[in-house]
Amino acid sequence: SKKYDKALDLSSFTHIIIPVNCKAVPDVALYKVSVEIYSRYKKFPCEGYIQPERWNGVLIDISDWEGRNSVDNIKISFFK
């Protein structure tokens with residue numbers, strides 16, 4: 001989780017890329033990634049899949065999200 005002291009104004013962006021990396025576990029080729037972007041109490045969830053042991057970019061379309069002008073927290077979770 002990354003909390004920002006001063007909210008980020010992403011209103012001029014239609015997409016963002018969250019860079020993620022994780023350690024490998026035997027017999028797991030892909031990990032599911034859950035990204036939750038918060039604007040005060042509004043949550044924008046997104047999911048994707050990444051390969052372990054390398055940097056991946058999770059592309060998120062925020063063009064229709066009204067909370068993108070005041071992002072104050074981003075949470076990232078990994079699942080097998």
Side-chain angles (χ1 to χ4, degrees):
S1 179
K2 171 66 176 166
K3 292 186 180 184
Y4 298 95
D5 294 330
K6 182 179 178 188
L8 303 176
D9 181 1
L10 303 179
S11 58
S12 62
F13 295 90
T14 57
H15 295 78
I16 59 172
I17 296 175
I18 305 290
V20 292
N21 190 0
C22 64
K23 296 284 185 187
V25 173
D27 301 324
V28 178
L30 290 175
Y31 285 86
K32 183 176 182 178
V33 177
S34 171
V35 178
E36 296 174 337
I37 304 170
Y38 291 85
S39 175
R40 295 183 185 94
Y41 299 107
K42 298 174 188 171
K43 178 172 71 171
F44 186 85
C46 177
E47 293 181 343
Y49 290 89
I50 66 164
Q51 294 178 336
E53 298 292 341
R54 62 184 265 187
W55 285 101
N56 299 259
V58 178
L59 179 66
I60 303 170
D61 181 351
I62 58 170
S63 60
D64 292 331
W65 186 45
E66 63 186 39
R68 67 187 174 150
N69 65 338
S70 184
V71 173
D72 55 17
N73 192 4
I74 298 175
K75 293 182 180 180
I76 301 171
S77 303
F78 298 95
F79 306 92
K80 294 194 278 181

If you compare all heavy atoms of Ser1 against all heavy atoms of Lys75, which two are closest, and at what distance to 0.1 Å? OG-CG, 3.6 Å
Does Gln51 reach the side chain of Leu30, with side-chain heavy atoms less than 4.5 Å apart? yes
Sort and list the pairs that fulfil ring pair (Phe, Tyr, Trp, His ring centres under 6.0 Å) and have at least one residue in residues 33-80, not counting sequence neighbours. Phe44-Trp65
Smallest separation among heavy atoms of His15 and Leu59, with atom names: CB-CD1, 3.9 Å
When you compare the side chain of Cys22 with that of Ile50, does any pair of heavy atoms fall below 4.5 Å? yes
What distance separates Leu8 CG from Ile16 CD1, expressed to the nearest 0.5 Å? 9.0 Å
By the definition side-chain contact (heavy atoms from CB on, under 4.5 Å), identify the one residue from Ile17, Ile18, Thr14 that meets it with Ile60. Ile18
Could you tell me whether the side chains of Asn69 and Ser39 share a donor-acceptor contact shorter than 3.5 Å? no
All heavy atoms of Tyr31 vs all of Lys80, minimum pair found to be CE2-CG, 4.1 Å
Taking Asp72 for its side chain and Ala7 for its backbone only, find out whether a donor-acceptor pair lies under 3.5 Å. no
For Arg68 and Ile62, the nearest pair of non-hydrogen atoms, with its separation, is CD-O, 3.2 Å
Within residues 32-44 or reaching into it, pairs that qualify as salt bridge (Lys or Arg N to Asp or Glu O under 4.0 Å) - sequence neighbours excluded: Lys32-Glu47, Glu36-Lys43, Lys42-Glu66
